[in-house]
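Structure, as structure tokens:
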Amino acid sequence: MPVYRCSLPEGRLSADQKQQIASEITEIHCALTNGTPRKFVHVVFDEARPGATFAGGEPSTASKIVGLIRAGRTQETRSELVRRLTDMWASVTGQDKAEILVAVHEVRPQDVMEWGELLPEDGQEASWVAEHDLGRFGVDATR
Amino acid sequence: MPVYRCSLPEGRLSADQKQQIASEITEIHCALTNGTPRKFVHVVFDEARPGATFAGGEPSTASKIVGLIRAGRTQETRSELVRRLTDMWASVTGQDKAEILVAVHEVRPQDVMEWGELLPEDGQEASWVAEHDLGRFGVDATR
Amino acid sequence: MPVYRCSLPEGRLSADQKQQIASEITEIHCALTNGTPRKFVHVVFDEARPGATFAGGEPSTASKIVGLIRAGRTQETRSELVRRLTDMWASVTGQDKAEILVAVHEVRPQDVMEWGELLPEDGQEASWVAEHDLGRFGVDATR
């Protein structure tokens with residue numbers, strides 16, 4: 001966790017753009033949520049076929065980026081997260097902000113299992129990584 | 001926001017049916033949530049390949065419609081929303097209600113950015129549209 | 001409800017494995033949430049094309065299983081649910097737990113309509129099935 005699902009029309013992004021967006025989502029999320037190990041940031045691109053996306057009842061090419069994140073961050077952090085993700089998406093894709101929706105949706109840490117462990121509360125990442133010896137897999141909660 | 005994701009087996013709906021459903025979801029959502037501009041209602045059809053959907057451990061052709069909506073509406077509104085969407089889906093597709101699941105899932109307004117702005121609380125739509133001058137894009141929160 | 005969406009790279013699972021996973025998710029969910037009729041457990045496999053999934057900014061083959069469940073279960077139940085689902089997924093697929101994320105996300109019962117009815121609160125399943133005479137469709141809340 002987090003898992004960011006990016007829904008967009010098929011063929012809109014190149015492989016390089018997807019790679020760049022995945023890297024930037026990871027950077028932005030980790031910069032704003034102290035202690036999230038980079039390896040925990042998942043990004044999925046979900047490309048819709050022609051005729052599958054609408055807005056206001058009309059065919060639409062809008063992008064929808066929805067992140068499932070651990071509960072426990074402040075409203076300020078969450079709002080800043082969607083702001084930076086919007087700016088990044090507009091910058092990388094050239095898409096107008098009128099066609100970009102970004103949302104984050106909270107899930108309780110103890111409702112999530114990753115690497116075989118229930119997730120820690122916000123602020124407990126480093127001790128959690130140490131306790132479960134996840135460093136042996138290259139997991140690092142200090143950056 | 002909202003974003004309604006309709007998961008159904010591939011090939012079940014024609015292009016016309018998708019268009020009609022997208023229009024009707026938009027009408028129903030806007031009629032029940034005073035002030036949501038039509039342009040904010042997103043609908044995505046997510047068609048599963050054969051062998052990808054199950055219910056009760058058996059292959060299933062059920063449709064699942066899940067809407068991500070702004071938090072703040074009453075229970076009465078949310079229940080009426082899923083009721084009308086179910087009726088509409090059954091009517092347009094001819095699918096039995098035993099094969100239709102409709103759910104709405106709440107996201108905090110300030111956890112969402114659209115048109116480059118954090119979303120307003122319920123009831124603040126018209127002043128929000130005015131404040132950010134979204135009328136210049138054809139956004140209208142009065143219907 | 002529940003609806004479990006399993007996101008994984010295309011071609012990773014055989015038809016038999018999908019069938020087995022769907023059956024096991026159903027068993028695990030029903031065993032832990034007294035009274036959920038088997039027919040209400042939906043499973044969708046969502047296969048991503050090559051180049052569509054990332055973790056830590058790098059291409060990833062991780063599986064993400066996210067269940068939308070009725071609110072009202074205890075933390076203990078929810079944590080046990082993600083634990084058993086993780087173990088099952090690792091066992092059936094042979095995938096390492098470092099590549100498995102399982103989460104459950106709560107939705108209020110009255111925000112969901114299924115079989116044409118709003119869902120009951122936790123513990124009210126049997127009387128709800130009786131009240132709406134769902135037994136005539138083979139719905140059984142006693143196992």
Side-chain angles (χ1 to χ4, degrees), chain A residues 2 4-10 28 32 44 46-91 95-107, chain B residues 1-8 10-11 13-30 36-47 49 66-71 105-119 132 134 136-140 143:
Chain A
Y4 284 95
R5 179 171 294 273
C6 309
S7 300
L8 72 163
E10 196 172 52
I28 290 168
L32 284 172
V44 178
D46 192 6
E47 298 187 275
R49 278 176 275 190
T53 54
F54 295 83
E58 305 292 334
S60 160
T61 57
S63 298
K64 280 83 65 180
I65 298 96
V66 179
L68 223 55
I69 69 170
R70 265 191 308 156
R73 277 65 184 254
T74 62
Q75 180 62 70
E76 191 183 355
T77 295
R78 296 192 311 268
S79 292
E80 183 62 17
L81 203 46
V82 297
R83 186 185 309 279
R84 290 200 202 172
L85 290 168
T86 300
D87 288 347
M88 178 279 295
W89 188 274
S91 163
Q95 198 163 23
D96 193 281
K97 288 186 186 176
E99 290 224 309
I100 305 171
L101 178 156
V102 180
V104 289
H105 209 181
E106 294 192 316
V107 186
Chain B
M1 191 127 300
V3 180
Y4 284 95
R5 180 170 293 273
C6 309
S7 300
L8 71 164
E10 196 172 51
L13 296 182
S14 68
D16 280 355
Q17 284 177 309
K18 287 178 198 163
Q19 170 65 67
Q20 185 183 351
I21 288 170
S23 296
E24 298 215 19
I25 289 178
T26 304
E27 290 304 325
I28 290 167
H29 189 92
C30 291
T36 301
R38 283 178 57 85
K39 291 200 173 192
F40 281 70
V41 183
H42 294 273
V43 177
V44 178
F45 292 93
D46 192 7
E47 298 186 275
R49 277 174 277 189
V66 179
L68 223 55
I69 69 170
R70 266 191 307 156
H105 209 182
E106 294 193 316
V107 185
R108 290 189 197 88
Q110 299 281 301
D111 290 359
V112 186
M113 177 159 282
E114 232 177 322
W115 297 68
E117 307 294 343
L118 296 171
L119 295 190
H132 299 297
L134 297 181
R136 72 190 190 279
F137 302 117
V139 174
D140 181 355
R143 60 139 299 174

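A note on names: the letters A, B, ... follow the listed sequences, proteins ahead of strands, and every chain is numbered from 1. Keep in mind that this is a model prediction, so the values were computed, not measured. Values reported hereafter were calculated over all heavy atoms of this structure, with side chains retained and with hydrogens, waters and symmetry mates removed.
Side-chain atoms of Gln110(B) do not come within 3.5 Å of backbone N or O of Gln75(A) as any donor-acceptor pair. The backbone N or O of Gly57(A) sits less than 3.5 Å from a side-chain atom of Gln19(B), completing a donor-acceptor pair.
With chain B as the partner, the residue from Ala103(A), Ala62(A), Ala98(A) showing the most heavy-atom pairs under 4.5 Å is Ala98(A). Interface remark: of the candidates Leu68(B), Ile25(B), Asp46(B), Leu68(B) forms the most heavy-atom pairs closer than 4.5 Å to chain A. For the set Val3(B), Leu13(B), Val112(B), the count of heavy-atom pairs under 4.5 angstrom toward chain A peaks at Val112(B).
Interatomic distance, CD of Glu114(B) versus NZ of Lys64(A), reported as 10.0 Å (0.5 Å rounding). Residue Leu81(A) holds its CG atom at 11.0 Å from CE of Met113(B), rounded to the nearest 0.5 Å.
If you measure heavy-atom distances from Lys39(B) to chain A, the contacts under 4.5 Å come from the backbone alone. Interface remark: Asp96(A) contributes no atoms to any contact with chain B (heavy atom separation under 4.5 Å). Heavy-atom distances place the side chain of Thr26(B), and not its backbone, under 4.5 Å from chain A. Looking at Glu47(B), the atoms closer than 4.5 Å to chain A (heavy atoms on both sides) sit in the backbone and in the side chain alike. At a 4.5 Å heavy-atom cutoff, the contact between Leu101(A) and chain B is made by backbone and side-chain atoms alike. Both the backbone and the side chain of Ser79(A) come within less than 4.5 Å of a heavy atom in chain B.
Within the 4.5 Å cutoff, the side chain of Asp111(B) has no heavy atoms near those of the His105(A) side chain. You'll find the side chain of Val66(A) stays beyond 4.5 Å of the side chain of Arg5(B), heavy atoms only. Residues Thr53(A) and His42(B) are not in side-chain contact: their nearest non-hydrogen atoms beyond the backbone lie 4.5 Å or more apart. Side-chain contact check for Phe45(B) versus Arg49(A): every heavy-atom pair is 4.5 Å or farther apart.
With respect to Arg108(B) and Glu106(A), a salt bridge is recorded, a charged nitrogen being found less than 4.0 Å from a carboxylate O.
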